Amino acid sequence: MVIQAINLGKKYKRYPNQWSRFAEWLLGERYHNHEEKWVLRGVTFKLESGEALGIVGQNGAGKSTLLKIIAGTTAPNEGKVVTSGKISALLELGIGLHPDFTGRENATMICRMAGMPPDEINSLLPEIEGFSELKDYFDQPMRVYSTGMEMRLAFSSSTAERPDLLIIDEAFAVGDAYFSHKCINRIRDFKKKGTSLLFVSHAPGAIQTICDRALLIDGGMIIKDGDPDVVLDYYNAMIAKQNKDYEIRQVENKLGRTVTRSGNKKAYIDDLDLFDMKGRSARAFQVGDKVLIRCQVKFREAMENPTVGILIRDRLGCDIFGTNTFYLGKDEENFQDGEQIDVCFTLDLNLGYGSYSLCVAVHSGADHLRENYDWWDQCLSFQVIPNNSFYFLGVAALPLKVEIRKVESNKEMCEFGDS
Amino acid sequence: MQGVNQFIQNFPRLKALWQYRSFVAGMVWREFREQYLGALFGGMWSIFNPMAMILIYTIIFSKIMRARIPGIEDNLGFGLFLCAGLLPWNFFSELMSRYPTLFLQYKNLIKKISFPKITLPFIILLSSAIHFMIIFSIFQIFLLITGRHHGWVMIGFIPLLMLQQSIALGLGIFLGTLNVFFRDVAQFVSIIVQFWFWFTPIIYPIMILPEKVRILLTYNPMTNIVIGYQQMILYGKWPVWTGFWWHILFAIFVLFLGFKVFRKLSNELVDEL
């Protein structure tokens, strides 16, 4: 067992001012004038060797405090944590690095901070230089480094020697896709050799790719401990609920400002919701999940062939996919004043990881240019999280196959030799 | 090495300090290099500066101001007297000015990296020791050139310096820990150190003081130590060792106090930074 945390609790004292702290120091228990704020309480879990544990939770949930306690930088106020073996913690980028010294000198310092003896550090340096791929920059002062290069140096140095427990905070997740893959491969390799991993991230993708288990922390307590899929679903549902509440507020408070809603309202969108295949309202889906978009439209006038359309946009506002009932050939209907319809679109969410917004509209004809009844931008947002299949980049999840064959080239070589 | 390893097993903090000796050495080297980074003459400045200081004291005070101390009838006397007290005092006061803000200075390291915090006061102790050793060697060379060197008696500096720096270390750890909770401490200490300087016979000989004040000054632990330095430099006389018994007790007391308070508050200290 690498970590055994029993009933961990951490509190911070808040004094109204410095004088009341001073009075408490002088008078002891008799004078008690501080508030106690528990940021972590009753946290109990175990981590076996070779296990990778992801920690998810919103800002201020207590994740970083938990990591700090386990890494040993801060002590718990109640309970205890027993760790065994060498711990390597990457809690924040740039700590202990000096901008005026070279990468080599800083790498040496990182190793020294881990308490390594000098001869061991010297034997590890070529390894660090190689893994970081900083080339000439390795002997340049760190002030010329980019953030990504700094991260490469810090990661390479901190993991030069395989630790028994590797702790990584999300703040560390910078750097390009190439290097983050290299890091993930090294972490996987360590895992095989018995290293345990403790990993904090907001990105569900990262947790699903590496972790075997996840903890969901909220309000300083563990509210779920289990399979990453299950925990992340729960987490996303939690966020989605908040998002939804937020959206409703946004529409009510800031109508016409942050959210664009336009149109003459001869027909209007009464409700829009997303459902998963079990018929539950949801805001987080895995790549490739089937999703049902239900759009309720009410009419205030009789009209012929109205068109209902949807548009998915990414977080930057780029159009990802959009279509409407006109293009789908469903426009041969007439409606009366006061009538209500449900328009349901079912589609496979073959989208890349990230958050998306959904825009809906009711208009006449092929587009809203002729007569726009109701156009609702960013009506709701949803998340796409990785499934158990392969990792990929971009906004589109294209199904593909890969095949690797050896090319027979021996024969040609022989002929070449003879001539 | 084996013996050291066995001995320190009994003291977890000393053990950690020993295990992190390469970190301490690295940080000391870093502090030293940081000062002269980007300078053409680099580390040479750590020699030029003290040289200038010694020359200024000896020339200005002895030749130009013609200051004299009773009993020494020559030009250099006052300058040597000044250096004898001032160089070790600067070594002491550097620690006293840096220690109170020690944990604040290394705030980021303490909060984000798990390492024994007790290494920090030793990093500063060693890095100021390097500067002192440079300036002191130059001073010794100066004494040799001017024919004022009194030979082996200079060895007497070692125990006195150790005593003096133990007091600084103990007080420093104590004040540094308190300063994390009450930032007034550092401000207060900087005032106290100024008074302390003038209440120590460094730039004036103790003999010129009235009897009553002289007795008052003997309660200052630095008085006897500084007089010890001056005796060695000026007259080549060994310090009166028996006069230092309560200084040693005082040093042990402040070291104990410093480590005790540090140990008690070291967990809470991290959360306050």
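Just so it is clear, the structure is predicted and the values come from calculations on it, not from any experiment. Labels below follow one simple rule: chain letters A, B, ... track the order of the sequence lines, proteins then strands, and each chain is numbered from 1.
In plain terms, the two heavy atoms of A/M113 and B/F23 that are nearest each other are CG-CE1, 3.2 Å. The shortest heavy-atom contact between B/S22 and A/M116 is OG-O, 3.4 Å. For B/F181 against A/Q18, the heavy-atom pair with the smallest separation is O-NE2, 2.7 Å.
Using a 4.0 Å cut-off between charged side-chain N and carboxylate O, B/E272 and A/R21 make a salt bridge. The residues B/R33 and A/E105 are annotated as salt-bridged, a charged nitrogen and a carboxylate oxygen being separated by less than 4.0 angstrom.
The CH2 atom of B/W29 sits 10.5 Å away from atom CZ of A/R112, with the distance rounded to the nearest 0.5 Å. Note that CD of B/E34 and NE2 of A/H98 are 3.0 Å apart. Values are rounded to the nearest 0.5 Å.
Sparse packing is recorded around CZ of B/F253, with 12 or fewer heavy atoms of other residues, nucleotides or ligands lying under 6.0 Å away. For B/R183, the CZ atom counts as densely surrounded, since its 6.0 Å shell holds more than 12 non-hydrogen atoms of other residues, nucleotides or ligands. Within a 6.0 Å sphere centred on CZ of A/F22, other residues, nucleotides and ligands contribute 12 heavy atoms or fewer. Within 6.0 Å of CH2 in B/W45 there are 12 or fewer heavy atoms belonging to other residues, nucleotides or ligands. Other residues, nucleotides and ligands place no more than 12 heavy atoms under 6.0 Å from the OH atom of A/Y137. Annotation: A/D136, atom CG; neighbour count of heavy atoms from other residues, nucleotides and ligands within 6.0 Å does not exceed 12. More than 12 heavy-atom neighbours from other residues, nucleotides or ligands sit within 6.0 angstrom of CZ on B/F197.
Of the two parts of B/F182, the backbone and the side chain both hold a non-hydrogen atom closer than 4.5 Å to a non-hydrogen atom of chain A. Residue B/Y106 does not touch chain A at all, counting heavy-atom pairs closer than 4.5 Å.
Counting only N and O atoms by type, the side chains of A/T74 and B/D271 include a donor and acceptor under 3.5 Å apart.
Taking 4.5 Å as the heavy-atom cut-off, the residues of residues 107-120 of chain B that approach chain A are B/N108, B/L109, B/I110, B/K111, B/K112, B/I113, B/S114, B/F115, ordered by number.
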